[in-house]
Amino acid sequence: MIIVPEAAIANLVTPEASFAAVEKVFASMAAKSAYNFPVIREAIGHADALYGFKSGFDRAALNLGLKSGGYWPGNADKGLTNHQSTVFLFDADTGRCRAVVGGNLLTALRTAAAAAVSVAHLARRDAKVLGIVGAGHQAAFQLRAVAAQRPFERVVAWNRSPEKLSGLREVAEGLGLAFETVSLDDLGAQADVIVTITSSFDAILGADQVRPGTHLACMGTDTKGKQEVDAALLGRATVFTDEIAQSTTIGEAQHAIADLTLRLEDIVELGAVINGDHPGRSSDDEITLFDGTGVGLQDLAVAAAVVDLAVERGVATEVEF
Ligand code: NAD
C-alpha cells in the first residue's frame, strides 16, 4: 500500500494535472463509465464535528475509493485546519487498499479545477474581467486555476468583510492581473466570468446583477440549505453541473428546482460538453452557470494522479498491508 502524506502533496500535484484529472472524470461520468455512490455526512455529536464520505468508481480509469473527512470547528485552536480529509484508493480487481493520500490540499485543487474546467468549456473566448465573490480558504485556489483559462486582464472581487480581500489581491497581482475591490452591482456589471465561493445560506448575487454573456462558476453551495445566487438566475441561465443528483439536492439548483424556476431536464452535465454531446455555450449573450457541488470521483481522480506521480518520481512510501 502506498502512503502519500499531506505534506508531500504540494510537490506532487499542479493545477494543470488537477485540471486534466477532473476534466477526464467529468467526461467519464457523463459517458456513464464512472458513478458516485450516495454521500454520507453526519453531525457525530462530538467536537461539533461534521463527518462523512464521498465515494465512487471510475470504470474507465479503474479508480475505486472514497474521501473520508469533514469539518472540526475547534481545530484552528489546535493549529490544525478545520477541514480534514483523507483519500483511500482500492484495487478495483481485488479490493485491497492501494493507497492512502492526504486530502486537504487535494480538495482545494480539485474544487478549483472543476471551476476552471467549466470556464475552459463554457466562458466566452474574449473574457477579460474575472469576478470573485468570497475570500476564504478556497478563493485563492479558484483565482489561480480560473485565471489560467482565458486572457484575463483584471480581477474584481467582493467579500462580506472587504479587508479579507488583501490575500486575493496579492495572488491576482502576482499573476500580473489588476485587482479592484468592488460592490456586487459593479462586480456583476463588469465581470465576464464570476466565481462564487462562500459559505452563504442566502442568495448574495441577484439575477439582475449579472449581465448577458457571463459565465458563473458557483462553487460554495455543497450542502442542503446553502445558497449563493438568486434562484431566478438559474432560470435565466443555461445550467451545467458536475452531477445532476447532487446539483438538485445540495447544489444551487436545489432552490431553483423547489421554486419551479428550473426544470430537472434542463440541467446539463459538464461532462456532456467535454464529450461533445452538448454544444455548451450557444451565443455570446447566453448566461452559463456551472453548479459545482464537488463529487467523490474528483477526489479519487486527483489522488490517483498524485499516486502515479509519487511512484514515477520514486518518492512513494510503500508499506505491507
Ligand atoms: P472559509 O470558511 O475559508 O470562507 C468562507 C467564505 O464565505 C468567506 O469569504 C466568508 O466571508 C464567506 N461567507 C460566509 N457566510 C457568508 C454570507 N452569509 N454572505 C456572504 N459571504 C459569506 O471557507 P472556504 O474553505 O473558502 O469554503 C467556501 C465554501 O466552499 C464553503 O461553503 C465550502 O463548504 C465550499 N466548498 C465547496 C466545494 C465544492 O466542491 N463545491 C469544495 C470545498 C469547499
Side-chain angles (χ1 to χ4, degrees), residues 18-19 21-22 25-26 29 36 39 41 49-52 54 56 67 69-76 80-85 87 103-118 131-146 157-169 171 181 183-184 187 194-206 209 216-230 240-243 245-247 249-254 270 289-303:
S18 306
F19 181 103
V22 169
V25 80
F26 281 171
M29 283 163 57
N36 294 287
V39 174
R41 197 160 165 91
L50 281 175
Y51 173 71
K54 282 189 168 180
K67 179 168 85 170
Y71 185 73
W72 273 260
N75 273 8
L80 298 169
T81 310
N82 287 356
H83 290 274
Q84 287 293 329
S85 46
V87 181
N104 293 351
L105 177 58
L106 284 188
T107 298
L109 289 170
R110 66 77 144 143
T111 305
V117 169
S118 83
I132 305 271
V133 176
H137 178 67
Q138 306 290 332
F141 292 94
Q142 292 284 329
L143 171 53
R144 278 193 206 94
V146 167
W158 178 91
N159 191 54
R160 195 172 51 168
S161 327
E163 67 280 4
K164 298 220 170 106
L165 286 165
S166 56
L168 270 190
R169 174 184 291 277
V171 174
T181 299
S183 66
L184 283 169
L187 188 144
I194 300 175
V195 175
T196 60
I197 184 72
T198 72
S199 316
S200 181
F201 278 79
D202 292 302
I204 302 169
L205 202 57
Q209 284 173 312
L216 295 107
C218 299
M219 306 306 299
T221 297
D222 58 356
T223 304
K224 194 167 165 23
K226 279 189 187 169
Q227 183 172 17
E228 298 190 287
V229 302
D230 195 339
F240 299 83
T241 189
D242 40 23
E243 192 195 73
Q246 283 201 181
S247 168
T249 51
I250 59 170
E252 281 300 323
Q254 63 182 295
L270 181 55
L289 185 150
F290 174 63
D291 186 7
T293 63
V295 294
L297 283 168
Q298 277 170 263
D299 298 299
L300 305 189
V302 286

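As the structure lists them, so they are numbered: ligands from 1, and atoms in each ligand from 1. Heads up: numbering here begins at 1 and tracks the sequence. Nothing here was measured: the structure is a model prediction, and the numbers come from that model.
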From Ile132, Asn159, Val133, Thr81 - option closest to atom 8 (C) of ligand 1 by heavy atom: Asn159
Find all atoms of ligand 1 within a distance of less than 4.0 Å from any non-hydrogen atom belonging to Ile197, and give their numbers and elements. 28 (C), 30 (O)
Of all the atoms in ligand 1, which lie at a distance below 4.0 Å from a heavy atom belonging to Lys226? 31 (C), 32 (O), 33 (C), 34 (O)
Under a 4.0 angstrom heavy-atom cut-off, which atoms of ligand 1 come close to Ala135? 9 (O)
Starting at CZ of Arg169, measure out to OG1 of Thr181 and round the result to the nearest 0.5 Å. 5.0 Å
Taking the side chain from Asn159 and the backbone from Lys164, do they hold a donor-acceptor pair closer than 3.5 Å? no
So is Ser161 in contact with ligand 1, going by heavy-atom distances below 4.0 Å? no
Is a donor from one side chain sitting under 3.5 angstrom from an acceptor on the other, for Lys67 and Thr107? yes
Is the backbone N or O of Gly251 less than 3.5 Å from a side-chain atom of Gln246, with the two atoms forming a donor-acceptor pair by type? no
Nearest to atom 27 (O) of ligand 1 by heavy atom, Gln138, Lys164, Gln142: which? Gln138
Can you figure out which of Asp222, Thr111, Leu50 has its heavy atom closest to atom 36 (N) of ligand 1? Asp222
Testing the 3.5 Å rule here: is there a donor-acceptor pair between the side chains of Ser247 and Asp291? yes
How does Thr293 reach ligand 1, if at all, at less than 4.0 Å between non-hydrogen atoms: by side chain, backbone, both, or neither? backbone
Residue selection (non-hydrogen contact nearest atom 22 (C) of ligand 1) among Arg160, Gln227, Glu228: Arg160
Tell me whether Arg110 reaches ligand 1 (any heavy atom closer than 4.0 angstrom to a ligand atom). yes
Nearest 0.5 Å please: distance from the CG atom of Leu205 over to the CD atom of Glu228. 9.5 Å
Mark up the atoms of ligand 1 that fall under 4.0 Å of a heavy atom belonging to Gly134, in ascending order. 9 (O)
Would the distance check show the side chain of Ser85 and the main-chain N or O of Gly69 forming a donor-acceptor pair, the cut-off being under 3.5 Å? no
Check whether any side-chain heavy atom of Gln138 sits under 4.5 Å from a side-chain heavy atom of His83, and report yes or no. no
Which ligand 1 atoms are under 4.0 Å away from a heavy-atom of Gly292? 41 (N)
